[in-house]
Amino acid sequence: MRGAVLLAAGPARERLVRGLSRHPLTRLRRVSADDPTPVTTLPTAYAPAEVEGPLYERWVERGYFTPSGDPAKPPYTIVLPPPNVTGSLHLGHALNHTLMDVLTRRRRMQGHDVLWLPGMDHAGIATQNVVERELAKEGKTRHDLGREAFVQRVWQWKAEYGGKILGQMRRLGEGVDWTRERFTMDERLSAAVQTIFKRLYDDDLIYRAERIINWCPRCMTALSDIEVEHSEDEGELVSIRYGEGEDSVVVATTRVETMLGDTAVAVHPDDDRYRHLLGRTIALPLTDRRIPVVADEHVDPTFGSGAVKVTPAHDPNDFDIGRRHGLPMLVMLDERGNVTVPGPFQGLDRFEARPAVIAALREDGRIVAEVRPYVHAVGHCQRCDTVVEPRLSLQWFVRVAPLAKAAGDAVRDGRVAISPTSMEPRYFGWVDHMHDWCISRQLWWGHRIPVWYGPEGETVCLGPGDEPPTGEGWTQDPDVLDTWFSSALWPFSTLGWPERTDDLMRYYPTSVLLTGYDIIFFWVARMMMFGLYAMDGVQPFDTVALTGLIRDRYGKKMSKSSGNVVDPLDWMDAYGSDAVRFSLCRGANPGTDQAVNEEWVQGARNFCNKLWNATRFALLNGARLGELPVREQLSVADRWILSRLHATAAEVDGHYEGFQFARAAEALYHFAWDEVCDWYVELAKTPLARGGQEAESTRLVLGHVLDVVLRLLHPLTPFVTETLWTALTGGESVVVADWPVADPSYADPEAEAEVAAVQRLVTEVRRFRNDQGLKPGQRVPARLHTGPDGPLAAHEDEVRSLLRLERAADGFSATASLQVGSVTVELDLSDAVDVAAERRRLEKDLAAARRELEQTTAKLDNEQFLAKAPDQVVGRIRERRATAEAEIARLEGQLAALPAAP
RNA sequence: GGGCGUAUAGCUCAGUGGUAGAGCACCUGUCUUACACACAGGCGGUCGCUGGUUCGAUCCCAGCUGCGCCCACCA
């Protein structure tokens, strides 16, 4: 095969020539004066599936993702927000993981000592639910196994099914350090949990108390406030009369059954309607109890009847009222949500009890005053969607006020930057108004609370390594900690805290935390609190970069229940990982949600293929790396593309720096496609075909341009750039290549202006050709006239090549001519010129030019404008008017010169 | 109930106090020296509404309307 002669050996180059052409006619021709014949049939499309897997394994084997620890290099650290061990990769992960990969790959190329640390979260409730469901299929509950066996079973589940996401992360190309993979239940991380628990306990920042907490009767555990999701649900507001006659009050409730737990009615102290009842008791219907009427400032006398039933054990407000008035706290629902109060309702589920209580109340026609539909916010368990029951219960809490204050201050005083800053109010809104955090969970899977209770009511909190107390009657607290408790330690527990390990010293504080804004409350704020506390005031990260959420093509949130969840693996299969990564980056505007759809991924795939083919073209034409010729030996096109290249490099680098991933991707996309492929490669064909020194120079410039572009793109699309870059340069790997530094000395405004003029000329003539109905490939004899400084001075061959204009031969007679700037183009069209089409085109342009003249003239006639507008603006308008005038004259001339319609 | 955000082409989204942009979609050509996953040309917008500031507003301000999100212990 003759093509082999053209290509150097090597696996990457081999891959470039393998595969099947989709179009039988596709032939690659060597653009050369020496040998213009087709040389071989080559693959025309990039096939990601072939290269991605092996490349990733090679990177890992070579240890590229493990930091060197080299003290000469500045450290750069990102800890991966640990996905749930039960989880699989969704688009939200794919986005955030890609962006972290972009950040770390760029820093690595810049010469930083990069640590990107992966791991997983044990995900208490979620994981326990998964394993319990598995047990349920066997007809068992966790209680059948017992605590120890159940926990064993969860570990077994993890070994077997857990961590699916880790394989998917490899697929996406994430350059994490697998040698430092962590799990929140690792021994060392568990020790960190116990250490901080003990410290907080000793500092009186953790306490145990009976409080109203959110209780999930299905998971049978307490939940923190943020694990409760509110939705507007339809219910009934029932008004009930307590007491009789003059001594009665009407109260309203949406949870009628809770009346069984009422221990008072509260009214506002200044409410004259009820003054006579204060200090007295009234009969509570359906029970034989009488309850007091108390005065409490909390009651809003203007709302409803102005009287409130008080259920201290099942409502946070009522709890406070109960405490202020020393009321009994009557728990009337058990942990399953069943009524415990003796009587006809005992044992009924709360939702069965609700209508039953109403029915019973209705037996006396005087009691139920009103029932009306009512839409109100109802809390649901984040994990299982069960309606959450506020319930009095003994739990552990973190006293957050001092911790949250420090977390707020760290951002306020600039030690931690939040990007974009528009997300700051969300953060402050949380840390400034945080309630104490309920951290105990009635689960078995998690970090068990290290507190032991003695027979005499003693309480002992153990640190890591402490021996539990011995003797009769000592028991450990049965509860485990909220999953987010251990996640909050992640930035330092993963580095070895509380030991002063080398990793902790070197890589803490971490550089960037990148995550979705939806997780500020769960995680970001809590890492701040615990990080500042545990690390003596040193923040866990310097910058918080917040990303938006992924939505579907209609802008809706993706959720399993909506059935609009896209599996990114499907897209990776179809279009390659790079395409998924690139399309996500291209939509990643800071803190802004993005809607994704398959067409975007297709577009990104097409872009990867474009790069593939551009590099293929370059290789087949001998592009290579080497010292660039001095400016004087470069063509204008060379100088132009180098100027644009370095401007783009500077721009793109700034975008990366500012987390403007979408802009970085967009700038590279347009530079590579519009400028390099559509213009530079096309312009390069002429000098390449001429051969000699010109071709040599073009090969070097083309090699340089692609080298830099591929390196700039590598963080976004690691696989295709690795394949192409190693093929182009013969380098070891672009992963460890140097990051391109823009060189402003390449800036060349003259070359840019000259090429812009060529582009305008070419575009105009193309338009003419199109209007005339000429086929793209049809060659037309033409004469080109220009002044000595015009855009054609040095580029006539290129322009002729782009426009398929042949040199005029004997017998040339122009049947059409057009004027673009200083250039006149005369064409010999074999068919009759379509005068009507040309007239339409000219008239349209003329109208546009006249509008422009009108507008600019109006501006320049405005004295106030002239007086107040900056000179620069006025100058620009003058230029526009002059251009419009010249354009009008030119077009009118051409119209007049047009032959009459046949 | 509080807070935040948003409204730009058919769709998804950038953007700027001084001539409105991209990708996709759409229309017309085309296998033309890498690429039909392509090339060339084209169509398409009162920049949500009403006022204000300004020589000039899509951009700044106010109000309104629509949409979205977060937080919330008013029965």
Side-chain angles (χ1 to χ4, degrees), chain A residues 22-23 25-32 36 38 42 44-46 212 225-226 230 237 251-255 266 298-300 303-305 307-310 315-320 376-377 390 422-423 425-426 429-430 433 517-518 520-521 549 551 553-555 557 575 586-587 589 591-597 599-600 602-603 605-610 612-621 662-663 666 669-670 677-678 681-682 685 688-689 763 766-767 769-771 773-779 801 804 852 855-856 859 862-870 872-874 876-877 880:
Chain A
R22 296 221 176 157
H23 197 285
L25 293 184
T26 300
R27 290 281 188 282
L28 185 78
R29 288 192 180 84
R30 184 179 183 184
V31 182
S32 157
L42 288 177
T44 59
Y46 170 51
I212 300 284
D225 293 344
I226 48 178
H230 294 268
L237 184 67
V251 296
T253 179
T254 54
R255 292 153 69 210
H298 166 77
V299 179
D300 177 359
F303 187 91
S305 66
V308 183
K309 65 191 274 298
V310 182
D315 183 279
N317 279 321
D318 295 5
F319 176 77
D320 291 340
H376 61 133
S422 58
M423 284 291 166
R426 205 181 266 259
W430 173 250
H433 305 101
Y517 65 74
D518 58 329
I520 292 176
F521 313 121
L549 309 181
R551 298 165 174 285
R553 64 172 66 218
Y554 307 107
K557 204 169 169 174
Y575 305 108
R586 209 171 159 195
N589 291 298
T592 307
D593 292 352
Q594 60 170 309
V596 296
N597 62 61
E599 286 76 31
W600 277 65
Q602 275 174 17
R605 185 270 315 265
N606 296 352
F607 178 58
C608 292
N609 191 52
K610 194 74 184 172
W612 173 271
N613 277 295
T615 309
R616 212 162 59 96
F617 171 85
L619 280 174
L620 287 162
N621 286 285
R663 290 188 191 184
E666 195 71 9
Y669 180 92
H670 285 293
C677 291
D678 287 351
V681 165
E682 294 305 322
K685 285 173 180 173
L688 285 172
T763 304
R766 276 176 180 162
R767 195 150 76 102
R769 284 184 57 122
N770 222 287
D771 290 342
L774 297 177
K775 304 299 177 206
Q778 186 177 338
R779 286 170 196 283
S801 155
R804 317 213 188 271
E852 175 78 356
Q855 278 171 14
T856 49
K859 282 228 155 183
N862 184 333
E863 280 172 30
Q864 279 179 310
F865 170 72
L866 293 175
K868 297 196 178 180
Q872 224 183 340
V873 173
V874 177
R876 218 180 308 151
I877 303 280
R880 275 173 49 198

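This one's a predicted model, so the numbers in the text were calculated from it and none came from an experiment. Residue numbering restarts at 1 for every chain, and letters A, B, ... go by the order of the sequence lines.
- Counting any heavy atom pair closer than 4.0 Å across all strands shown, A:R779 reaches no nucleic acid atom.
- Interatomic distance, A:D315 CG to A:K309 NZ, rounded to the nearest 0.5 Å: 8.0 Å.
- A straight line from CD of A:Q602 to C1' of B:C11 spans 15 Å, rounded to a whole angstrom.
- With A:R769 contributing its side chain and A:Q778 its backbone, the two residues share a donor-acceptor pair below 3.5 Å.
- Residues A:N317 and A:H298 are in side-chain contact: their nearest non-hydrogen atoms beyond the backbone lie under 4.5 Å apart.
- When the side-chain nitrogen and oxygen atoms of A:N606 are compared with OP1 and OP2 of B:A38, one or more of them lie within a distance under 4.0 Å.
- B:G3 and B:G56 have their P atoms separated by 34 Å, given to the nearest Å.
- Nearest to the side-chain atoms of A:R880 among the listed nucleotides B:G18, B:U19, B:C35 stands B:U19.
- Pair assignment for B:G5 gives B:C67, based on Watson-Crick or G-U wobble hydrogen-bonding distances that are each under 3.5 Å.
- Distance from the side chain of A:H230 is smallest to B:C73 among B:C73, B:A38, B:U32.
- Rounding to the nearest 0.5 angstrom, the gap separating the CH2 atom in A:W600 from the CZ atom in A:R586 is 5.5 Å.
- Base engagement by A:A377 is indicated by at least one non-hydrogen atom pair under 4.0 Å involving a base atom.
- Atoms CZ and CG, on A:R616 and A:N613 in that order, are 4.5 Å from each other to the nearest 0.5 Å.
- Atom CZ of residue A:R880 and atom OG1 of residue A:T856 lie 6.0 Å apart, to the nearest 0.5 angstrom.
- Nucleotide B:C24 is matched to B:G10 when pairs are restricted to Watson-Crick or G-U wobble geometry with both distances under 3.5 angstrom.
- For A:C677, whose side chain is taken as the heavy atoms from C-beta onward, the closest listed nucleotide among B:G23, B:A34, B:C73 is B:A34.
- Note on A:Q872: nothing from the nucleic acid sits closer than 4.0 angstrom, heavy atoms only.
- For A:E666, the side-chain atoms get nearest to B:A22 when compared with the rest of B:C35, B:U19, B:A22.
- Atom P of nucleotide B:A38 and atom CG of A:N613 are separated by 10 Å, given to the nearest angstrom.
- Residues A:N770 and A:R767 bring no donor and acceptor atom of their side chains to less than 3.5 Å of each other.
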Determine, stepwise, if the pair A:V308 / A:F303 fulfils side chain to side chain contact (heavy atoms under 4.5 Å, CB included).
CA-CA 10 Å; A:V308 183; A:F303 187 91; over 6 Å; no
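- Within 4.0 Å (heavy atoms only), A:P870 reaches at least one base atom of the nucleic acid.
- Base pairing annotation: B:U30 forms a Watson-Crick or G-U wobble pair with B:A38, both donor-acceptor distances under 3.5 Å.
- Heavy atoms of A:V308 sit under 4.0 angstrom from at least one base atom.
- Looking at heavy-atom distances under 4.0 Å, A:D315 makes no contact with the nucleic acid at all.
- At whole-Å resolution of the value, CZ in A:R804 and C1' in B:U30 are 10 Å apart.
- The interatomic distance linking A:R426 (CZ) with B:A72 (C1') rounds to 15 Å, in whole Å.
- Residue A:V681 is in base contact, counting any heavy-atom pair closer than 4.0 Å across all strands shown.
- Under the Watson-Crick or G-U wobble criterion, with both distances below 3.5 Å, B:A72 has no partner in any strand shown.
- Using a 4.0 Å heavy-atom distance criterion, A:C608 is classed as making no nucleic acid contact.
- With B:C73, B:A34, B:C37 as the choices, the nucleotide that has an atom nearest any side-chain atom of A:K685 turns out to be B:A34.
- Counting any heavy atom pair closer than 4.0 Å across all strands shown, A:H433 reaches no nucleic acid atom.
- Among the nucleotides B:G23, B:C39, B:U33, the one closest to the side chain of A:S801 is B:U33.
- Distance NZ (A:K859) to C1' (B:G56): 5 Å, rounded to an integer number of Å.
- Across all strands shown, A:Q855 has no heavy atoms under 4.0 Å from either base or sugar-phosphate atoms.
- Between the CE atom of A:M423 and the C1' atom of B:G3 there is a distance of 13 Å, given to the nearest Å.
- A side chain to side chain contact (heavy atoms under 4.5 Å, CB included) with A:F617 holds for exactly one of A:N621, A:L619, A:T615; it is A:N621.
- Between B:G45 and B:A9, the two C1' atoms lie 5 Å apart (nearest whole Å).
- Nucleic acid contact for A:R769: none, since no nucleic acid atom lies under 4.0 Å from a heavy atom of the residue.
- OP1 or OP2 of B:U30 sits under 4.0 Å from a side-chain N or O of A:K775.
- Nucleotide B:G56 has no partner under the Watson-Crick or G-U criteria, as no pair reaches both atom distances under 3.5 Å.
- If you take CZ of A:R876 and C1' of B:G56, they are 13 Å apart, rounded to a whole angstrom.
- A donor-acceptor contact under 3.5 Å is formed by the side chain of A:R605 with the base of B:C37.
- When each of B:C35, B:A14, B:U32 is scored by its nearest atom to the side-chain atoms of A:N609, the top-ranked nucleotide is B:C35.
- Note that the OH atom of A:Y517 and the CG atom of A:L549 stand 4.0 Å from one another [nearest 0.5 Å].
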Can you pull every protein N or O that's under 3.5 Å from an N or O on nucleotides 40-44 of chain B?
residue: B:G41; atom: O4'; partner: A:N770; partner atom: ND2; Å: 3.3
residue: B:C43; atom: OP1; partner: A:K844; partner atom: NZ; Å: 2.8

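- You'll find that the side chain of A:V873 is closest to B:G18, out of B:G18, B:A22, B:A34.
- Toward the 5′ end of RNA chain B lies the nearest nucleotide of A:P425, the other residue of the pair A:W430 and A:P425 mapping further downstream.
- Summarising the geometry, the separation between CG on A:N597 and C1' on B:C24 is reported as 8 Å, rounded to the nearest angstrom.
- Place A:Y517 and A:D320 on RNA chain B by their nearest nucleotides, and A:Y517 ends up nearer the 5' end.
- In this structure, A:L866 and A:V874 have side chains that are in contact, with non-hydrogen atoms separated by less than 4.5 Å.
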